[in-house]
Amino acid sequence: MFKKILTYTFLICSLLLCTSCFEFLEEISLNKDGSGGITVTANLSKSKSKLASVMLLDSVNGYNVPSKDDINLAVKDAIDHLKKIDGISNVEKSIDFENYIFSISCDFKSVSNINSIFKELINNQNRKQKTNFSTTNLSYNKENRLFKRHFKYDNSIKRSFNSLKDEDKKVFNDASYTTIYRFNIPVKTVSNANAKIAPNKKVVFLQLPVMSLISGQKNLENNIQLINN
């Protein structure tokens, strides 16, 4: 499974490095019992005209350009393996080559099931690069109704960015990372100063420039306290 997810991630990242504007979108709908659904999307639609031309080439700036067949096959393999993970169900994909929007979604029995998807990938990264990324990205205590998005900054993020060519660094200037969390009970408080609670009190929205995450100026860490009654 690790190799399949790594391949899928690499192909999408290859496309990102060929564009100038993109958005990562992390959406979670959480039920009271800790089950729910997640959708992760790479939205490159603002650069679709450029990407349409790039896809006709073999490489750009030293990066191999994946073909549509490459991406379709990698996504299919990732989906097939995700379906075998305990607690994960209803795995689906969406591939839009007209607007260059790619997403994978699934349902989960517990938030811990989501962490297990990328655990091997993160552990391998830590061993190879001597980094210290946590394998726990999300947690939920259904007793006190506290949902957490964990994020621990590691200096390797900035080191990796600094190792890029100046032209490649520009790719991240207009990029953003967005999280949208939906609940079926009202939100009481959030810990991230950049997060916004919707008027209906059941949605938390956070959008940050990718450059602020790379530099460590801002992060995705967020403790979302739901009303407990």
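Nothing fancy with the numbering, it's 1 onward along the sequence.
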S.K.: Rounded to the nearest 0.5 Å, what separation is found between the CZ atom of Arg159 and the CD1 atom of Ile157?
M.R.: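 Output value for this atom pair is 10.0 Å.
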S.K.: Applying side chain to side chain contact (heavy atoms under 4.5 Å, CB included), name anything that partners Ser191, two or more places apart in sequence or on another chain.
M.R.: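 Result, side chain to side chain contact (heavy atoms under 4.5 Å, CB included) vs Ser191: Asn222, Asn223.
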S.K.: Centre of Phe97's six-membered ring, under 6.0 Å away, within 45 degrees of the axis: is that where NZ or CZ of Lys68 sits?
M.R.: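 Positive - Lys68 is close enough to the ring of Phe97 and near enough to its axis.
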S.K.: Please determine, by modelled atom types, if Asp96 and Asn99 share a side-chain donor-acceptor pair under 3.5 angstrom.
M.R.: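 Yes, Asn99 and Asp96 have a side-chain donor paired with an acceptor closer than 3.5 Å.
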S.K.: Lys32 and Asn184: which non-hydrogen atoms are nearest, and at how many Å?
M.R.: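 Residues Lys32 and Asn184, closest heavy atoms: CG-OD1, 3.5 Å.
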S.K.: Could you pull out the closest heavy-atom pair between Val210 and Phe172, with the gap in Å?
M.R.: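 Heavy-atom minimum between the residues: CG1-CD2, 3.8 Å.
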S.K.: Strictly below 4.0 Å, N to O, side chains only: are Glu27 and Arg182 in salt-bridge contact?
M.R.: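 Yes, Glu27 and Arg182 are salt-bridged.
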S.K.: Please report the closest heavy-atom contact between Ile227 and Arg145, naming both atoms and the distance.
M.R.: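 In terms of heavy atoms, the two residues are closest at O-NH1, 3.7 Å.
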S.K.: Quick one: do the Asp70 and Ser67 side chains pair a donor with an acceptor below 3.5 Å?
M.R.: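 Result is yes, a qualifying pair exists.
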S.K.: Within 45 degrees of the ring normal and closer than 6.0 Å to the centroid, is that where the cationic atom of Lys169 sits relative to Phe161?
M.R.: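 Yes - Lys169 lies over the ring of Phe161, closer than 6.0 Å to its centre and within 45° of its axis.
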S.K.: With distance as the sole criterion, is a donor-acceptor pair present between the side chains of Asp33 and Ser35 under 3.5 Å?
M.R.: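 Side-chain D/A pair, Asp33 to Ser35: present.
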S.K.: Stepwise, does the ring-ring contact (aromatic ring centres under 6.0 Å, His included) test hold for Phe147 with Phe183?
M.R.: CA-CA 10 Å; Phe147 175 81; Phe183 308 92; 5.7 Å; yes
S.K.: Give the cluster check for Ile101 versus Ile104: same hydrophobic cluster or not, with ILVMFWY residues linked at side-chain heavy-atom distances below 4.5 Å.
M.R.: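 Looking at the clustering, Ile104 is in a separate group from Ile101.
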S.K.: Is a side-chain donor-acceptor pair under 3.5 Å present for Ser156 with Asp154?
M.R.: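 Distance-only check passes for Asp154 and Ser156.
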S.K.: Minimum heavy-atom separation for Leu146 to Gln225, with atom names?
M.R.: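 Taking Leu146 first and Gln225 second, the nearest heavy atoms are CD1-OE1, 3.7 Å.
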S.K.: When clusters are formed from ILVMFWY side-chain contacts under 4.5 Å, directly or step by step, what else is grouped with Val203?
M.R.: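 In the cluster with Val203 are Leu25, Ile180, Phe205.
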S.K.: Given the rule in the side chain to side chain donor-acceptor pair (under 3.5 Å) test, do Tyr181 and Glu26 qualify, once you have shown the distances and angles that lead to the verdict?
M.R.: CA-CA 8 Å; Tyr181 302 135; Glu26 176 186 307; 2.5 Å; yes
S.K.: Classify the side-chain pair Glu23/Tyr177 by whether it contains a donor and acceptor separated by less than 3.5 Å.
M.R.: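 Note: Glu23 and Tyr177 side chains miss the donor-acceptor criterion.
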